[in-house]
> 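Here it is, the structure in full.
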Amino acid sequence: MLKIPTRTETIYKFKAKGGKIVAVAPYHYPKALFRAFNILPVEVWGPPKLNTLESKAHIQTYVCSVVHSILAFYLQGNLEVCDFILIPHTCDSLQGLGSIFLDFIKPKQKVLTFYTPRERRRIDISFLSKEIEKLYNQLCEFTGEKPDFEELHRHIDIEEKANKMLKKLLNERQYLDIDDFNFYSILRTKEFLPAEEFIEIANDVYLMYKTDKPISKTPVIVSGLLPEPMEIFTIINEKNGFVAGDDLAITGRRLYPPSEGSNPFVRLAKSIIFSPPEPSRGDSVEARLKNLLEIAKRTNSKGVIFYIVTFCEQEYFYISHLRKGLRENGIKSILIDTDINQELSQQAITRLEVFLETLQ
Amino acid sequence: MVKAMGIDVGSTTVKIAVINENKDILFKHIENTKPKIKEQVNTLIENVKAKFNNENIPIVSTGYGRKLVEEAKQQMTEITCHAKGIYHTLNHGGTLVDIGGQDSKVIVIDKYGRVLDFTMNDKCSAGTGRFLEHTAARMEIPVEKIGEIALNAKKELKISSTCTVFAESEIISLLAYGEEVDAILKGLHRGLVTRIVGMINSVAFTPPLMLSGGVAKNNAIRKMLEEETGYEIVMPPHPQIIGAYGAAIFALEG
């Protein structure tokens with residue numbers, strides 16, 4: 001098994017070399033832009049299994065556990081090491097979190113916000129490129145640096161290579177003889193590793209685990225924000241299944257296509273705008289269903305597990321429509337509600353196991 | 001003679017079924033689940049084996065404690081085992097309602113005995129045997145008798161709380177108003193059945209409607225389910241061991 005660096009190790013190593021850290025809330029943002037300022041984005045998806053008592057003073061209990069955890073994690077002093085905090089407007093709850101940080105918490109770090117449009121029109125590319133340029137100007141002001149277009153393009157190219165590597169691993173998952181827990185632990189290093197280090201690790205994984213024969217287990221797809229609790233992988237593997245494809249915000253929904261053009265802000269905008277369909281971008285049910293059916297066809301999966309963080313309204317909005325559409329196309333599905341701070345309940349484990357039994 | 005054993009470790013009771021190669025039940029046993037499940041099932045299995053001259057009997061375990069049965073060659077979920085068990089008992093598919101101690105399940109079974117669709121109540125004890133058990137205990141009535149008392153009640157009170165704990169508060173309040181116990185019990189049964197009907201409506205319901213699990217012995221639940229759904233309920237001869245029987249068939253089939 002590969003030795004993979006932890007978030008903490010990566011942060012201190014990067015800072016030791018004179019770099020800065022930006023803590024990033026889920027989930028679309030122009031990673032290359034920050035790297036051009038020698039700032040490493042480290043995504044904060046919780047972390048899971050956290051006591052979120054502190055966040056309850058600021059956020060309603062019906063807001064999802066990811067948002068609660070991010071705030072509690074900050075209030076417990078765990079983001080002290082960060083120089084900036086970026087909160088994209090992924091959903092209303094995260095926008096609310098941005099306001100709480102800016103208006104009430106007022107941390108010592110600069111808090112940046114980032115708005116991603118809900119459509120994929122030409123005007124949306126224009127809007128997003130201006131939003132990215134605004135972020136660029138803010139970073140120029142805060143850091144005193146002003147990377148030129150050449151530097152920006154260089155970092156975009158590196159990030160695109162990392163994205164390409166992620167896509168390769170996901171697309172060839174069936175030929176990688178590694179269990180899901182370890183596979184996703186490696187993929188998730190992309191949340192905090194510099195792109196160049198991720199490319200190296202991903203390449204090693206590919207070479208180490210690539211086989212000629214596809215895995216002879218039952219392929220399934222996982223959809224949702226993130227696979228937490230990660231016990232899901234153990235349960236799937238124990239039941240002779242494996243995650244052959246994903247529609248997860250941490251991975252499959254961020255397979256950003258490569259972009260071209262002379263303006264780096266437009267390149268970054270296009271890359272986000274043309275990413276796979278997903279709920280935070282307001283895509284249609286039809287587009288999402290088509291995407292899921294394509295993944296199912298490519299991976300020969302007959303089942304989709306919707307692994308949804310409780311209270312994530314934008315995910316729930318689609319579920320019944322998607323499940324109906326999948327059913328009509330002969331694909332079974334199941335909805336498992338999760339709280340990233342709790343263990344999976346026995347009932348949830350049983351439901352997952354039954355689902356896999358029905359696919360075999 | 002080829003034999004196989006199924007053990008269903010539920011939250012309330014442990015059920016065992018031993019079958020022969022014709023899938024006939026040779027032995028069955030039900031007892032309350034103890035806190036030390038692993039020790040309990042080990043002793044039970046030893047005792048059963050002793051009855052069969054210590055033959056090497058393949059075991060499949062199911063139920064909430066299925067992973068604690070060390071001797072089992074395989075663990076299967078209770079939903080798959082119930083589907084298998086009821087199909088081989090009644091020789092047809094349909095929709096099975098299993099009301100257990102910890103959870104309730106509605107399982108749609110196709111004409112080949114496969115699980116087509118299913119739903120389970122999640123996390124909360126509302127709609128489970130525990131709901132009745134808890135409230136029966138609050139009124140100091142043995143759980144075996146509450147069905148008959150509810151059936152004979154002339155009046156039915158509405159218990160609006162879904163939550164077991166809130167329902168208990170509501171019962172205390174009704175008792176304080178001087179309401180009769182039988183009317184409260186009838187309302188409680190209706191509440192549970194309404195939740196089960198909600199689960200039935202959420203799956204691709206296919207008749208006939210079948211009932212298993214410990215609560216199947218409660219006549220009031222059976223009658224109310226028939227009233228609420230408009231379908232006559234088909235009952236297996238041993239509703240409580242359907243899961244263990246299904247597990248035994250899996251053990252037999254290897």
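In what follows, chains are A, B, ... by sequence order, proteins preceding strands, each numbered from 1.
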> Is any NZ, NE, NH1 or NH2 atom of the basic residue among A:Asp283 and A:Arg288 found under 4.0 Å from an Asp or Glu carboxylate oxygen of the other?
no
> When you look at A:Glu278 and A:Tyr27, which way does the side chain to side chain donor-acceptor pair (under 3.5 Å) test go after all the steps?
CA-CA 11 Å; A:Glu278 48 95 4; A:Tyr27 50 87; 2.4 Å; yes
> Check residues 218-228 of chain A and write down every donor-acceptor pair under 3.5 Å in which the side-chain atom is one partner and the other belongs to a residue at least two apart or another chain.
residue: A:Thr218; atom: OG1; partner: A:Gln360; partner atom: NE2; Å: 3.4
residue: A:Ser223; atom: OG; partner: A:Asp247; partner atom: OD2; Å: 2.6
residue: A:Glu228; atom: OE2; partner: A:Arg188; partner atom: NH1; Å: 2.9

> Which residues in residues 236-254 of chain B have a heavy atom less than 4.5 Å from any heavy atom of chain A?
none
> So, are A:Arg173 and A:Asp180 salt-bridged, with charged N and O less than 4.0 Å apart?
yes
> Check whether the ring centres of A:Phe306 and A:Tyr318 lie less than 6.0 Å apart, and answer yes or no.
no
> Under 4.0 Å between a side-chain nitrogen and a carboxylate oxygen: does that hold for A:Glu315 and A:Arg253?
yes
> Measure A:Glu353 against the heavy atoms of chain B and call it side chain, backbone, both or neither at under 4.5 Å.
both
